[in-house]
Amino acid sequence: MAEVQNNPILKYFRASKLPHIWCPGCGHGILMGALVRAIDKVGLDQDRTVIVSGIGCSSRAPGYLNFDTLHTTHGRALAFATGIKLARPELKVIVLGGDGDIAAIGGNHLIHACRRNIDLLLICFNNSIYGMTSGQYSPMTPTGRLATTAPYGNIDRPFDLCQLAAAAGATYVGRATSYHVTLLIELIAKGLKHKGFAFIDALSQCPTYYGRRNKLGPSVKMMEWFKEVCIPVGAAKKMTPEQLRDKIVIGEMVNTPDVPEYTEEYEKVKARAKEMSAG
Ligand SMILES: Cc1ncc(C[n+]2csc(CCOP(=O)(O)OP(=O)(O)O)c2C)c(N)n1
Ligand code: SF4
């Protein structure tokens, strides 16, 4: 008991909001744990850090975290976060959302946040499904998998969120999973220290609506699958597209520190406007 009470990450949680609502075996708690460990590692000031989410099982995370938090509308977390960052550029702003939230209804916000290189860290809790609304397929659901809205198999093709973020201009991009927690903490910590738009694709398991329907076994088996199919980015570079089929590339994909950051550029615009109106 004393060990629990002395745990240095306890201060990051709102004990009054626990226990959480997530199903037993849900990967989202592991991702939230990785986030607070990364925050601790970097030494962020709790009073100068804002955590914003949309709507979904994953988007419940900020409710449990002892920071200034904002639970917004489905797909619009990045728009709210952009407003906060522009109004108070000195704050560290972190955005959390599910793959439905970030890649479907919020997909356009993702593209333009990447393009602007605004100083936000976005973590997509990517469980390949709409968890909260009971298992509709998302843009991350692999072809052939079952979902409540694809009872005979999904015919859509998923896309690679990291490649999308990189192509749209994100200056820090990485991927890890609920199995590869050490890597995930490291990527989040680097994303937090990065000046510019940082995107982490954090793969998670939904044993309730994705795992059960697709007979993927319990949560541990779903995490073992991550272990089997994931290839570190360095090794992936030496592999052919054929060898990479059905594999998931993890690690740091983009890290370009010296690109102009949006809120700093905006400050320059404000200064220019002041100068011109005075002259
Ligand atoms: C505008 C709008 N459309 C639809 C919904 C219903 N809705 C709530 S959560 C959700 C999807 C959640 O899935 P995801 O973002 O992948 O997160 P997860 O629950 O899997 O963590 C949807 C469609 C909503 N709340 N608002
Ligand atoms: S429905 Fe899925 S994503 Fe939602 S809490 Fe349960 S296991 Fe997690």
Side-chain angles (χ1 to χ4, degrees), residues 13 17-35 51-65 69-81 94-111 113 122-142 145-150 154 156-162 164-165 175-179 181 184 188 199-226:
F13 291 94
K17 299 288 180 195
L18 297 170
H20 58 71
I21 59 149
W22 293 318
C23 307
C26 177
H28 290 349
I30 299 176
L31 307 191
M32 181 172 71
L35 171 63
I51 307 184
V52 185
S53 73
I55 301 288
C57 296
S58 38
S59 288
R60 294 300 296 247
Y64 307 127
L65 296 170
T69 60
L70 199 61
H71 193 193
T72 71
T73 52
H74 192 45
R76 301 292 176 261
L78 275 171
F80 282 87
I94 300 168
V95 185
L96 312 178
D99 44 304
D101 206 317
I102 301 301
I105 192 169
N108 216 17
H109 290 284
L110 170 64
I111 291 169
L122 168 64
I123 306 174
C124 180
F125 284 39
N126 181 353
N127 58 10
S128 308
I129 205 83
Y130 283 18
M132 179 163 267
T133 42
S134 64
Q136 296 82 6
Y137 66 87
S138 87
M140 297 297 109
T141 307
R145 288 296 191 197
L146 304 179
T148 49
T149 43
N154 177 30
D156 279 20
R157 295 191 303 161
F159 63 98
D160 187 318
L161 265 184
C162 288
L164 176 96
R175 180 186 291 120
T177 79
S178 56
Y179 177 82
V181 177
L184 182 59
I188 297 174
F199 172 70
I200 311 288
D201 187 18
L203 304 190
S204 181
Q205 72 277 8
C206 170
T208 303
Y209 288 117
Y210 186 66
R212 197 185 291 164
R213 186 174 281 269
N214 287 287
K215 299 191 171 39
L216 301 178
S219 180
V220 171
K221 195 136 186 269
M222 293 178 79
M223 290 167 73
E224 282 170 354
W225 181 80
F226 285 146

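Throughout, numbering of the chain's residues begins at 1 and tracks the sequence. When a ligand or atom number is given, it counts from 1 through the structure's own listing order. Computed from a predicted structure; not experimentally measured.
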- Item | Main-chain N/O of Asp156 paired to Asn154 side chain as donor or acceptor, under 3.5 Å | yes
- Task: Look only at the side chain of His109 and the backbone of Arg76, and say whether a donor-acceptor pair between them is shorter than 3.5 Å.
- Result: no
- Message: Heavy-atom pairs closer than 4.0 Å: do any link ligand 2 to the side chain of Tyr210, the backbone, both, or neither?
- Response: neither
- Which segment of His28 sits under 4.0 Å of ligand 2 when only heavy atoms are counted: side chain
Among protein heavy atoms, which sits nearest to [atom], and what does the distance come to when rounded to 0.1 Å?
atom                    : answer
atom 7 (N) of ligand 1  : Thr133 CG2, 3.5 Å
atom 2 (Fe) of ligand 2 : Cys206 SG, 2.4 Å
atom 8 (Fe) of ligand 2 : Cys26 SG, 2.4 Å
atom 11 (C) of ligand 1 : His74 CE1, 3.5 Å
atom 6 (Fe) of ligand 2 : Cys23 SG, 2.3 Å
atom 13 (O) of ligand 1 : Tyr130 CA, 3.4 Å

Where's the contact between [X] and ligand 1, heavy-atom distance under 4.0 Å: side chain, backbone, both or neither?
X      : answer
Met132 : both
Asn127 : side chain
Asp101 : both

- If we number the atoms of ligand 2 from 1 as shown, the ones under 4.0 Å from a heavy atom of Asn127 are 3 (S)
- Message: I need the atoms of ligand 2 closer than 4.0 Å to a non-hydrogen atom of Tyr209, numbered in the order shown.
- Response: 1 (S)
- Is ligand 1 less than 4.0 angstrom away from at least one heavy atom of Ile102? no
Under 4.5 Å between any side-chain heavy atoms of [X] and [Y], yes or no?
X      : Y      : value
Tyr209 : Thr133 : no
Arg175 : Asp160 : yes
His28  : Asn127 : yes
Asp101 : Ser58  : no
Gln205 : Tyr179 : no

- Task: Provide the number and element of each atom of ligand 1 under 4.0 Å from a heavy atom of Gly131.
- Result: 13 (O), 18 (P), 19 (O), 20 (O)
- ligand 1 to Cys57, heavy atom cutoff 4.0 Å, flagged ligand atoms 18 (P), 19 (O), 21 (O)
[X] side, atom [atom1]; [Y] side, atom [atom2] - distance, nearest 0.5 Å:
X      : Y      : atom1 : atom2 : value
Met222 : Ser128 : CE    : OG    : 7.5 Å
Leu65  : Met32  : CG    : CE    : 5.5 Å
Asn126 : Ile102 : CG    : CD1   : 10.0 Å

- Query: Can an N, O or S atom be found in Cys57 less than 2.8 Å away from atom 4 (Fe) of ligand 2?
  - Reply: yes
- Message: Among Leu70, Leu96, Ile123, exactly one meets side chain to side chain contact (heavy atoms under 4.5 Å, CB included) together with Ile51. Which residue is that?
- Response: Leu96
- Using distance alone, decide if ligand 1 has a nitrogen or oxygen within less than 3.5 Å of any nitrogen or oxygen in His28. yes
- Looking only at N/O atoms, are Ile129 and ligand 1 under 3.5 Å apart anywhere? yes
- Please work out which of Ile105, Ile55, Asp99, Leu31 has its closest non-hydrogen atom nearest to atom 9 (S) of ligand 1. Ile55
- Out of Ser53, Ser58, Gly100, the nearest non-hydrogen contact to atom 17 (O) of ligand 1 is supplied by Ser58
- Message: Looking at Tyr64, I'd like to know if its OH atom is crowded, meaning that more than 12 non-hydrogen atoms belonging to other residues, nucleotides or ligands lie closer than 6.0 Å.
- Response: yes
- At their closest point, which heavy atom of Gly75 faces which heavy atom of Ile105, and how far apart are they? CA-CG2, 3.4 Å
